[in-house]
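Step one of this worksheet: look at the structure below.
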2 protein chains.
Amino acid sequence: MIEAQPSVERPATIYDVARVAGVSHATVTRLLKGYAGIRPDTRDRVAKAIRELGYRPNLNARSLTTGRSHRIATLTHEITQVGPNKILEGANMAARDAGYLLDVITLDVHDPAAIRESIDLASQFDLAGVLALSSTDEVTNAVETTTFRVPLYLATGTDKTPPDSTPAGNGLFAVLRHLADLGHRDVVHIAGPHDWVGARNRIREYEAAVAELGLRSRGVIHGDWSARSGYEAIASWPEELPATAFVAANDQTALGVILALNERGYRVPDDVSVTGVDDIPEAAYFSPPLTTLRLDFTAQGGDAVQQLLARIDGVAPPPLPPRRSELIVRRSTGPVRPRV
Amino acid sequence: MIEAQPSVERPATIYDVARVAGVSHATVTRLLKGYAGIRPDTRDRVAKAIRELGYRPNLNARSLTTGRSHRIATLTHEITQVGPNKILEGANMAARDAGYLLDVITLDVHDPAAIRESIDLASQFDLAGVLALSSTDEVTNAVETTTFRVPLYLATGTDKTPPDSTPAGNGLFAVLRHLADLGHRDVVHIAGPHDWVGARNRIREYEAAVAELGLRSRGVIHGDWSARSGYEAIASWPEELPATAFVAANDQTALGVILALNERGYRVPDDVSVTGVDDIPEAAYFSPPLTTLRLDFTAQGGDAVQQLLARIDGVAPPPLPPRRSELIVRRSTGPVRPRV
DNA sequence: CACCGCGATGTTACCGGCAACATCATGCTC
DNA sequence: GAGCATGATGTTGCCGGTAACATCGCGGTG
């Protein structure tokens, strides 16, 4: 279970390399920086020395002089949630590809003091930039009121789409059209927390789609993304359920909705339909398997890193690709039929 | 969605502080290091200057001289899995409490070359230590064959418990005793991948418990922790199911098992019982809610950091606390009854 | 053949801390 | 009251890089 590791000899520096190669350390630096004007034989000697000594630049020392590091502090939170988690994973990959390392700082959303403290800690390090992956207003707020000395990219919302780039038929619209196609007219939305940008966006999408498709919204209930909140939304509904379709803001919530519906004697999808958002791996194995909207969080994380890197390099940021989503139809939705 | 941030003035250094306070920079350092022999009035002046300038030590420069940094590279993988994810979260918190930052490096378990590359990248940075949270043999292997120049702590297995510290009644034993109490005799284990230490441990626990409780194991099927693998294990069972209880290696697998059982016409828990491990938040909202074994991954992550920190500081590592687990009984298990 | 220009390489200073050593002003001893 | 130990603070060099500037040697030119 435990492996100790004897500390071996100190790592080689450019001075070691220079000595072995019989040149000055500046020549070593030049080679490392890709300077062209080095004579081939000199170049070879230095390259050989680097190889022999297993030289690795000390990135710490480098960033001390250049004032630029290759670390990106990533502020995130709720990484047990699928969205933030996958976004982070995507960001991690994109950063690594660019030779950057992510310092992941997980914030406690509900503790503003802790958020400050974490941001403070991060700013002591020599950072190339700060990537704030904020999904909630509190965090967004904390970030916006902080002055960083380095480039910052604040990505808010787990699925915020600029209105103009949301083709009808994308996002929740696809879900509601699917339900409308099945004959549903009365729908309920079990939303996420109101302080999550993503939750508000989904509500907007939901309401826009309802209006456009001529459906009737029988309620928007705020949950907290959890299965529990989905369960309670349905279980505590005071009277008979007014809708035949329940649009949950994410898959976990949908899971809770299904359980509560079962307990109230409704069969899914025979009596009512339920949909989720995210397409978590488990969604295909719910009972019944869940109709849901697949989002590409990983790409979002990668995009965010690209934006930040552009900012760090002082170049024009690449255009944000449109968010793609895909309706996955499974067995939790079915044609509406007269209530018994 | 996007917030630019103008680069403001450069951060203050000890020299700035010294100038403002009218002392030498060494005095500033002394204050920072908690040196006692500074005259109160001098101390006050320096402290005041630090406050006014908003001075923050440049940790990069510090570690360049001390040769010690406050970064820990954390090698992990599959962070979408609940176990690794929560372990990481716990490690993160423990590290932050100790003033360390984690560089999280997510490895692709199935790509040895990428593992090497990632480890290589990490070793360019000035690290205080390496925390390898490895759950699979491939990663363990890659780590073990790498020479780090810094302290390493390799934590293998998501729930490996030294045999002597596993009181009977803990771990899967509790699950199987629960099933035995309900009258079950024939059980099947849907295990994790064979190259995960944690999966092998659970198999051992399962087999030991079966033997001790006088049950009969009707099979151990290797899955891959996913709901899909649980589903397929049951769906593809060639003949009539030989058992009345199915012990899944984790909750996701159990979810798939339940769906497959439903589809084969078995009702849970009326006809057969199903159990999981982990107690993911959703488990309480499966249909039916899942009887499972709750593990404290967060604590495991924290413990791992403690072990590494002890190593970094060159002191004796604190004893590893025993792993706690707790049986959570819900509605996926019930008394055995004669098959119809 | 002395001079100039330029390419190749060496020298030096600096980034922001830390620590060893130097210095200076006390107060105490004898 | 001189000598000295001691406490408080200043000076210097170094960590491992980078970059500006200096130098050196060579070939071409008038």
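First the proteins, then the strands, lettered A, B, ... as listed; each starts at 1.
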Rounded at 0.5 Å granularity, tell me how far [atom1] in [X] sits from [atom2] in [Y].
X      : Y     : atom1 : atom2 : value
B:L152 : B:I72 : CG    : CD1   : 11.5 Å
A:L88  : B:L88 : CG    : CG    : 8.5 Å
A:E89  : B:N85 : CD    : CG    : 10.0 Å
A:R56  : A:T13 : CZ    : OG1   : 15.0 Å

Under 3.5 Å donor-acceptor, A:T140 side chain and A:T136 backbone: yes
When you measure from the side chain of B:T66 to the backbone of B:R62, do you find a donor-acceptor pair of N or O atoms at a distance under 3.5 Å? yes
What is the separation between atom [atom1] on [X] and atom [atom2] on [N], rounded to the nearest whole Å?
X     : N      : atom1 : atom2 : answer
A:I14 : C:dT11 : CD1   : C1'   : 13 Å
B:Y35 : C:dA20 : OH    : P     : 12 Å
A:K33 : D:dG16 : NZ    : C1'   : 13 Å
A:L31 : D:dG16 : CG    : C1'   : 17 Å
B:L64 : C:dC18 : CG    : C1'   : 10 Å
A:D16 : D:dG17 : CG    : C1'   : 13 Å
B:R19 : C:dG16 : CZ    : C1'   : 14 Å
A:D41 : C:dT9  : CG    : C1'   : 12 Å

Do any pairs count as a ring pair (Phe, Tyr, Trp, His ring centres under 6.0 Å) and have a residue in residues 77-96 of chain A, sequence neighbours left out, and if so which ones? A:H77-A:W196
Name the residue closer to the 5' end of DNA chain D, choosing between B:I38 and B:A61 according to the nucleotide with the nearest heavy atom. B:I38
If the cut-off is 4.0 Å, is [X] near the phosphate of [N], judged by side-chain N/O to OP1 or OP2?
X     : N      : value
B:R62 : C:dC18 : yes
A:Y55 : D:dG17 : yes
A:T29 : D:dG17 : no

Could you go over nucleotides 10-13 of chain D and give all protein N or O partners under 3.5 Å, atom names and distances?
{"residue": "D:dG10", "atom": "OP2", "partner": "B:S24", "partner atom": "N", "Å": "2.8"}
{"residue": "D:dG10", "atom": "OP2", "partner": "B:S24", "partner atom": "OG", "Å": "3.0"}
{"residue": "D:dG10", "atom": "OP2", "partner": "B:T27", "partner atom": "OG1", "Å": "2.8"}
{"residue": "D:dG10", "atom": "O6", "partner": "B:R30", "partner atom": "NH2", "Å": "2.4"}
{"residue": "D:dT12", "atom": "O4", "partner": "B:H25", "partner atom": "NE2", "Å": "2.9"}

Using a heavy-atom cut-off of 4.0 Å across all strands, would you classify B:T42 as base, sugar-phosphate, or nothing? sugar-phosphate
